[in-house]
2 protein chains.
Amino acid sequence: MRLGRGVEWGIHCAALLAELGPGETLSAAALALKFGLSPSYLLKHLKTLTRDGILVSVPGPAGGYRLARSAARISLLDIVQAIEGSGPAFRCCEIRQHGPERLPPAAYPRPCAINAAMLRAERAWRSALAAESVADIVARFHAEADPRSVAASREFLARYRRPQRGRPERATV
Amino acid sequence: MRLGRGVEWGIHCAALLAELGPGETLSAAALALKFGLSPSYLLKHLKTLTRDGILVSVPGPAGGYRLARSAARISLLDIVQAIEGSGPAFRCCEIRQHGPERLPPAAYPRPCAINAAMLRAERAWRSALAAESVADIVARFHAEADPRSVAASREFLARYRRPQRGRPERATV
DNA sequence: GGATGGTTACTCGGATAGGAGGTGTCCGAGTTCTAAGGG
DNA sequence: CCCTTAGAACTCGGACACCTCCTATCCGAGTAACCATCC
């Protein structure tokens, strides 16, 4: 079992975007710079998150990305499913029906016991991911991380954030 | 996230081997026939399970595979880890240290909050898999499956099982 | 001075190559069974 | 009739191609900001 790098990148980006004021955005280039990633490839994952309704993209100059809803309403599961797909990790091939002694499909009304057990485990995994929100991650970062790291992030945001277009930045929290 | 087919195959094979008498074996060819799989490729996974101490292989003519210990002591987690590897699905790249404003490594004594959350979820998944044994799977099969299917398995075993070498089959349960 | 239109530069979006890992297959090493030959 | 020994067949074990998916990159479409021009 293996998760792609995009999951880690997506969560980190979401956590950073969560620290923006309402309406503010951050360009993909700035996010890539902050984490030392390839801007082109990061863009691919940000696009995916936008498609899935987790981020909102603002086109044109001074555009960028922001969270589509409050960080407390975005779970790690949302991001993982957007990047990796929502399908189950264990895909039952129904090999119990593939032998030489197979019965008609009607003889298998219940799901395979193995499949059921594997899916139960996956539900436990998903539940744990759903219980953790991006806001929780941010809170832990502020509580546990080195103060210099927190200050650096704050400074980075002040330097690269893009105000909401059209009207001056308003606090609508 | 995606699990290979070998996991499903391995569990099915272990469940079938669990129905053998003590010391009896089943050849890889018989297992492949029972499930309609490629014998060559199935052999690859059986080899892996043998390496990991879940199965025992008996070489030579009339050889085959049997469980290395009682089915109650083999969990689904054992099989999944043998096939897929025991490493974590989420591999933290420490990208928080890769930006332009990185601090010396000593400034990150605690693990990344994101990594911690992902690993917590994986522990939940592993716990669920560890709680289910191959014996449980077999019990469910006997309790829930179509009687014809159970009878077919019993008949298959009677046809293809290999007795313990050297001495006649003894019941040492 | 203010409004307006065109230009420009910057952003995201999709389509396109490269590489790692899972998938599938083959042939060789090892071991046991078999059978023939001799005592 | 029993033991020895050589052969053969069957088993598992490791090494070799193929294919899908993740990784990485580029160029094009679209949009808002900017600036020169006109009123």
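Residue numbers begin at 1 in each chain, while the letters A, B, ... track the order of the sequences.
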Q: If only side-chain N and O atoms of Arg2(B) are considered, is one of them under 4.0 Å from the OP1 or OP2 phosphate oxygen of dC22(D)?
A: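 It does not, given that no N or O in the side chain of Arg2(B) lies less than 4.0 Å from OP1 or OP2 of dC22(D).
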
Q: Remember a base hit wins even if backbone is also touched, and classify Ser38(B) as base, sugar-phosphate or nothing at under 4.0 Å, heavy atoms.
A: sugar-phosphate

Q: Tell me the interatomic distance from His45(A), atom NE2, to dA24(D), atom P, rounded to whole angstroms.
A: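 The answer, rounded to whole Å, is 8 Å.
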
Q: For Arg91(B) and for Tyr65(B), locate the closest nucleotide of DNA chain D by heavy-atom distance; then report the residue assigned to the nucleotide nearer the 5' terminus.
A: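 Counting from the 5' end, the first nearest nucleotide belongs to Tyr65(B).
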
Q: Tell me: CZ of Arg162(B) to P of dT32(C), nearest whole Å?
A: 14 Å

Q: Does Arg51(A) make a side-chain N or O approach to OP1 or OP2 of dG13(C) shorter than 4.0 Å?
A: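 Checking Arg51(A) against dG13(C): no side-chain N or O falls below 4.0 Å of OP1 or OP2.
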
Q: To the nearest Å, how far apart are Leu37(A) CG and dT25(D) P?
A: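 From Leu37(A) CG to dT25(D) P: 11 Å.
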
Q: Would you find more than 12 non-hydrogen atoms of other residues, nucleotides or ligands less than 6.0 Å from Arg73(A) atom CZ?
A: no

Q: Could you walk me through whether Ser153(B) and Lys34(B) pass the side-chain contact (heavy atoms from CB on, under 4.5 Å) test, one step at a time?
A: CA-CA 9 Å; Ser153(B) 283; Lys34(B) 165 74 176 170; 3.0 Å; yes

Q: Using heavy-atom distances to pick each residue's nearest nucleotide on DNA chain C, tell me which of Gly63(A) and Pro59(B) is more 5'.
A: Gly63(A)

Q: Counting heavy atoms from C-beta on, name the nucleotide in dT25(C), dA9(D), dA33(D) closest to the side chain of Ser40(B).
A: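 Closest nucleotide among those given: dT25(C).
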
Q: To the nearest Å, how far apart are Glu84(B) CD and dG22(C) C1'?
A: 9 Å

Q: Listing time: all N or O pairs from protein to nucleotides 16-18 of chain C that are below 3.5 Å?
A:
none

Q: Verify the contact: side-chain N or O of Tyr41(A) to OP1 or OP2 of dT25(D), cut-off strictly under 4.0 Å; return yes or no.
A: no

Q: Do Arg102(A) side-chain atoms and Ile95(A) backbone N/O form a donor-acceptor pair below 3.5 Å?
A: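 Not at all, since once roles are kept as given, no pair shorter than 3.5 Å links the two residues.
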
Q: Please tell me which of the listed nucleotides, dT11(C), dC12(C), dC26(D), lies nearest to the side chain of Ala28(A)?
A: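 Of the options given, the side chain of Ala28(A) lies nearest dC12(C).
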
Q: Report the nucleotide, chosen from dG13(D), dT25(D), dA9(C), that has the shortest atom-to-atom distance to any side-chain atom of Ser57(B).
A: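 Per side-chain heavy atoms of Ser57(B), the pick is dG13(D).
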
Q: Charged N to carboxylate O under 4.0 angstrom, Arg120(A) versus Glu122(A)?
A: no

Q: How many Å lie between CG on Leu31(B) and C1' on dC12(D), as a whole number?
A: 13 Å

Q: Counting the atoms with a prime plus P, OP1 and OP2 as sugar-phosphate, which does Ala29(B) contact under 4.0 Å by heavy atoms, base, sugar-phosphate, or nothing?
A: nothing

Q: Any donor-acceptor pair under 3.5 Å linking the side-chain atoms of Gln81(B) with those of Arg126(B)?
A: yes

Q: Would you give the length of the straight line joining atom CG of Leu77(B) to atom OG of Ser133(B), rounded to the nearest 0.5 angstrom?
A: 12.5 Å

Q: Could you work out which one of dA32(D), dG13(C), dG13(D) sits closest to the side chain of Thr50(A)?
A: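 Selected nucleotide (nearest to the side chain): dG13(C).
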
Q: Looking only at atom types and distance, does a side-chain atom of Glu84(B) sit under 3.5 Å from a main-chain N or O of Met1(A), one as donor and one as acceptor?
A: yes

Q: Mind calculating the distance between CG (Leu43(B)) and P (dA15(D)) to the nearest angstrom?
A: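 Answer to the nearest Å: 14 Å.
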
Q: What is the separation between atom CG on Leu46(A) and atom C1' on dC12(C), rounded to the nearest whole Å?
A: 10 Å

Q: Once you round it to whole Å, what is the distance between P of dC12(C) and CG of Leu42(A)?
A: 10 Å

Q: Does any N or O in the side chain of Arg162(B) come within less than 3.5 Å of the main-chain N or O of Thr25(B), such that one atom is a donor and the other an acceptor?
A: no

